[in-house]
Every structure is written in C-alpha cells, then in structure tokens.
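Note sheet for the following structure.
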Amino acid sequence: MQQFPFDFNDLPTPAYLVGGWVRDRLLQRQGKYLDLDFVLPEKAVETAQAIARKYKVGFVVLDAERKIARVVFKNGTADFAQQMGRSLEEDLGRRDFCMNAIAMECHQLIGDRLIGDRSLGIGDGLFAGEDFIDPLDGIGDLKAKRIRMVAPENLAEDPLRILRGYRQSAQLGFAIEDLTRQVLIKLAPRLKTVAAERVRTELGYLLSINSGSQWMMEAISDRILEDWLPSQHLNLPRFAEIEGVISNLLSQFPNLELFFSKHLSGDRWAIVVVKLAALSNSATALESLGLSRAEQRWLVGILRYLPQFINLLDQSTPKEQYKFFQSTLEFFPAIAALALASGYESEKILSWLKRWLNPNDVIAYPITLITGDDLLKDLGIPPSPKIGEFLESVKIAQVEGKIGSHAEAIAFIKSIIS
Ligand SMILES: Nc1ccn([C@@H]2O[C@H](COP(=O)(O)OP(=O)(O)OP(=O)(O)O)[C@@H](O)[C@H]2O)c(=O)n1
C-alpha cells in the first residue's frame with residue numbers, strides 16, 4: 001500500500017483528491033513518486049502552508065493568482081489548488097480529459113478503502129462507484145481504455161494538453177477517441193504558443209516511456225509537432241528502430257543501464273536525448289526546445305560523429321579507433337545505437353561497443369605509461385605544448401602495439417627527440 005506522507009485529518013472537510021492519482025489508483029498503477037493533487041473549496045494555499053510547517057517540509061506557491069501551492073515531501077509532492085468555479089463539478093469540467101476529471105473526498109480514504117489490502121481495481125468488482133465524483137464518466141473511459149476530451153475549448157485554452165493526450169496514451173496504452181483526436185489535430189498549430197520548457201518536459205515524458213516511440217510517430221503523422229520538430233529534418237525510419245535497438249542493447253549489455261539512466265538531467269534523460277538524436281537529422285533543428293547545454297552537446301556530438309563512425313566501420317586503423325574514442329567517449333553508446341538503428345552491420349558495431357564497455361581495453365582506454373611530470377624530470381623537457389604532443393604520440397605508439405612499458409615510452413620519446 002502506498003504510504004501517504006501526511007495525515008488527511010490535517011485537511012479541512014471537504015478536500016478532494018483529483019487527477020492523476022485518482023486515475024492511477026483506479027487503474028492500480030503506482031509510480032515511483034507520489035503525486036497528489038488536491039482541490040479545496042477554500043484556503044488552498046493556507047492549508048498547504050500549514051501542512052508544510054507542521055511536517056517541516058518544502059513549500060512553494062506555484063500560482064498566486066489561481067491559488068495553487070505545492071508541498072514537497074521526501075517521497076513525493078502534494079499540490080493544493082483552490083477549486084475553480086462554484087462547485088467541484090465545475091472545476092472538473094475545466095480539466096483536460098474525462099479520465100483526469102474524477103475526484104474523491106479524501107477523508108473517506110481513512111480507515112476505508114486504502115487501509116488494509118482491499119483494492120480499488122476496476123476489473124475485480126471491489127470498486128464501488130459512489131465513492132467517486134465522476135460527472136463526465138471518466139471511469140467509463142478508464143474501462144474502455146479511451147482518452148476523451150472534456151471539451152474542445154479546454155484543449156484550446158491550454159494547448160499543452162494536446163501533447164499530454166499523446167503522452168498519456170503512450171503511458172497508459174489507451175486509444176484517443178476519434179472526435180478528440182480530430183480536435184487535437186485541428187488545434188495542433190496552437191502548440192507553438194506554449195513555452196518551450198513545458199513542451200520539452202512533455203516530450204521528455206513521452207520519449208522516456210518504453211513504448212513511447214509509437215505514439216511519438218502518431219503525433220508526428222498527425223502533424224502535432226510540426227512547429228517544434230519540422231518534418232523536413234526528421235529521420236523517421238531511424239527513429240522507428242531506435243527503441244528496439246536500445247532495449248536489445250540493454251538486454252545484451254546490462255552495464256549500459258547506467259549510461260542510459262544516469263547521465264544528463266536525470267532518470268532516463270539520456271534515452272530521451274538518444275531518441276531525439278535518432279529522430280532528427282539536425283541538432284540545430286532541435287534548438288528551439290531549449291535543451292540544457294550538456295544535452296545539446298550530446299546531440300551535436302552524436303550527429304556530427306555518426307557519419308565518421310560509419311566510415312570507420314568499414315576499415316580503420318588502431319590509431320583512428322583510438323582518436324575516435326577520444327572524441328566520443330562521453331556518448332559513444334548513443335552513436336552505436338544510431339548506427340544500429342540505421343541498419344549498419346551489427347557485428348562490427350558491437351565490437352566497438354565492447355571496447356567502450358571494457359575499462360581495460362587497450363584502444364578505448366590505453367593506460368598511462370608516462371606523464372608530463374616524467375618528461376620534465378627524466379628527460380628534462382621544459383613545460384610547453386610539446387609535452388602534450390609527446391604524450392599523444394606515446395598513446396598512439398601504444399595502441400599500435402609498438403610500446404607497452406614506461407621504459408619503452410622513455411626510449412620512444414628519446415628516439416623522437418633525436
Ligand atoms: N495541462 C493540464 C495539466 C493538468 N491538468 C489537470 O490536473 C491534473 C493533475 O495534473 P498533473 O499532475 O500534471 O498530471 P496527471 O494527470 O496527474 O498525470 P501525470 O503526472 O502523468 O502528468 C490532471 O490530471 C488534470 O486533471 C489539466 O487539466 N491540464
């Protein structure tokens with residue numbers, strides 16, 4: 001059972017739980033982080049502040065005008081919003097999709113359904129409809145695995161909801177109801193008015209989902225993203241393959257998990273950036289998304305070095321391989337993944353990848369036989385850019401198998417000098 005970070009008796013009556021938590025509870029889905037959304041008829045910000053004080057946790061006003069505040073607990077967040085309109089039903093009627101417009105009065109959770117092992121599962125008959133306030137038959141949509149808009153005006157009012165529709169379809173494995181989809185397509189040009197940060201976050205969610213690519217392709221073919229990812233810059237055949245490639249790589253090389261999950265701005269963002277690189281032929285075309293510097297550097301690097309990698313796959317000397325790894329160590333698996341998704345010979349690509357994965361590989365990670373200090377002390381070479389050039393020549397002689405010890409490195413430098 002999910003642990004709530006605070007006692008609901010601290011809330012006034014009534015206090016409604018709404019949105020994703022209620023939806024996911026009905027679907028018996030549970031995320032890593034708790035994301036609770038409350039609607040209070042009054043004093044939403046004051047209540048949030050009092051709870052934050054009592055539990056000595058973070059508090060931030062998200063929207064002073066609409067009276068929305070967030071309390072940040074260790075295991076999740078709780079947003080408190082003042083009810084919009086005169087009734088809860090009116091508030092629910094202003095939301096994006098019917099499945100997200102289901103509410104329940106939170107005090108009834110105590111000692112009732114969420115205590116003990118009784119489940120709220122839709123399919124198992126334990127779920128009792130009267131506990132939910134569901135004026136738009138969101139529960140019917142959950143049963144039918146369908147995403148249905150509340151009203152076209154609601155989607156027009158906040159066009160990010162267009163993208164949320166595709167993302168939530170991917171996340172839940174739901175279909176977008178026909179009329180809703182027609183409206184999403186019609187309103188798509190309005191997505192360009194949305195702040196880049198919000199679009200980027202939604203795209204990030206969509207692409208980080210394991211089966212997100214399929215819905216991304218649907219969004220692209222519905223021309224939802226035309227203003228953010230213009231179709232003339234897209235490589236759809238490569239994008240169609242990338243998800244399968246990444247999951248094959250992860251099952252073949254579990255060590256790659258670290259690369260795909262830990263780099264860049266957080267959980268699974270490396271996967272997002274690799275998928276974006278696979279999708280686009282041009283890093284410049286993605287600039288409008290306002291990615292972080294590190295993310296943009298990866299994108300530029302991956303797309304810039306991919307053609308060189310493909311040339312090297314045919315034929316390459318140890319020196320060329322060493323130099324290529326030096327330039328791409330940070331994101332090499334992404335280049336390998338794109339080459340695989342483009343259909344190049346997997347055996348050759350995997351042999352490169354195995355080198356990258358092996359910390360003792362003589363070409364990807366040649367050990368240091370000699371340092372700049374050694375050159376100063378043992379050979380009396382004064383500090384200058386020359387030192388760097390000598391050290392690089394040593395590494396190249398090393399990867400070519402010409403030298404393999406400190407003494408040989410000294411002798412090698414002496415031979416260059418003379
Ligand atoms: N652009 C938005 C964002 C949110 N909502 C409403 O606010 C609720 C909570 O929003 P949020 O936490 O962002 O989304 P969730 O639906 O909870 O799901 P997820 O965490 O997957 O985004 C949504 O369910 C929906 O009712 C909305 O109508 N329009």
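Not measured: the values here are computed from a predicted model. Residues: numbered from 1 along the sequence shown. In each ligand, atom 1 is the first atom listed, and ligand 1 is the first ligand listed.
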For this session: Assess whether salt bridge (Lys or Arg N to Asp or Glu O under 4.0 Å) is satisfied between Glu243 and Lys275, documenting all intermediate values.
Result: CA-CA 8 Å; Glu243 207 160 69; Lys275 284 186 181 173; 2.8 Å; yes
Exercise. Within the side chain of Asp361, is there an N or O that forms a donor-acceptor pair under 3.5 Å with the backbone of Trp356?
Worked result: no
Exercise. How about Phe4 and Phe6: are their ring centroids closer than 6.0 Å?
Worked result: no
For this session: Give the residue, atom name and distance (to 0.1 Å) of the protein heavy atom nearest atom 25 (C) of ligand 1.
Result: Asp96 OD1, 3.5 Å
For this session: Answer yes or no: are there more than 12 heavy-atom neighbours, outside Arg94 itself, under 6.0 Å from its atom CZ?
Result: yes
For this session: Begin from the C-alpha positions of Gln168 and Asp96 and carry the test side chain to side chain donor-acceptor pair (under 3.5 Å) through to its verdict.
Result: CA-CA 11 Å; Gln168 294 197 326; Asp96 51 4; 5.4 Å; no
For this session: Check each atom of ligand 1 against the heavy atoms of Gln171 and keep those under 4.0 Å away; list them by number with element.
Result: 21 (O)
Exercise. Does a side chain donor of either Tyr16 or Asp91 reach within less than 3.5 Å of an acceptor in the other side chain?
Worked result: no
Exercise. Tell me, which protein residue and heavy-atom name are nearest atom 5 (N) of ligand 1, and how many Å apart are they?
Worked result: Arg164 NH2, 3.9 Å
Exercise. N/O to N/O below 3.5 Å, does that happen between Trp21 and ligand 1?
Worked result: no
Seminar exercise, completed: Here the atoms of ligand 1 under 4.0 Å from any heavy atom belonging to Gln168 are 16 (O), 18 (O), 21 (O)
Problem set entry | Tyr344, OH: over 12 other non-hydrogen atoms inside 6.0 angstrom | no
Problem set entry | For Gly19, atoms of ligand 1 separated by under 4.0 Å from a heavy atom | 24 (O)
Exercise. Should Asp37 be listed as contacting ligand 1, given a heavy-atom distance under 4.0 Å as the test?
Worked result: yes
For this session: Answer yes or no: does atom NZ of Lys67 have more than 12 heavy-atom neighbours from other residues, nucleotides or ligands under 6.0 Å?
Result: no
For this session: Look only at interatomic distance and state if Arg94 has a nitrogen or oxygen under 3.5 Å from any nitrogen or oxygen of ligand 1.
Result: no
For this session: Apply salt bridge (Lys or Arg N to Asp or Glu O under 4.0 Å) to the pair Arg198 and Asp158, showing each step before the final yes or no.
Result: CA-CA 11 Å; Arg198 297 181 76 209; Asp158 177 6; 3.0 Å; yes
For this session: Starting from atom 20 (O) of ligand 1, locate the nearest protein heavy atom and write down its residue, its atom name and how far away it is, to 0.1 Å.
Result: Asp35 OD2, 3.4 Å
Problem set entry | Under 3.5 Å donor-acceptor, Glu257 side chain and Pro254 backbone | no
For this session: Report, in ascending order of atom number, the atoms of ligand 1 lying under 4.0 Å from any heavy atom of Gly20.
Result: 15 (P), 16 (O), 17 (O), 24 (O)
For this session: For ligand 1, find out whether one of its N or O atoms is nearer than 3.5 Å to an N or O atom of Tyr205.
Result: no
Exercise. Given Tyr166 and Asp222, is the side chain to side chain donor-acceptor pair (under 3.5 Å) satisfied, shown in steps?
Worked result: CA-CA 10 Å; Tyr166 288 80; Asp222 286 352; 2.6 Å; yes
For this session: Kindly identify the option in Glu157, Arg29, Met99, Arg23 whose heavy atom sits closest to atom 18 (O) of ligand 1.
Result: Arg23
Seminar exercise, completed: In this structure, atom 7 (O) of ligand 1 is nearest to the protein heavy atom Arg95 NH1, 3.2 Å
Exercise. Counting from 1, what ligand 1 atoms have a heavy atom of Arg161 closer than 4.0 Å?
Worked result: 1 (N), 2 (C), 27 (C), 28 (O), 29 (N)
Seminar exercise, completed: Any heavy atom of Asn100 under 4.0 Å from ligand 1? The part involved is both
Exercise. Which atoms of ligand 1 have any heavy atom of Asp158 under 4.0 Å away?
Worked result: 1 (N), 2 (C)
For this session: Determine whether the side chain, the backbone, both or neither of Arg167 has a heavy atom under 4.0 Å from any heavy atom of ligand 1.
Result: side chain
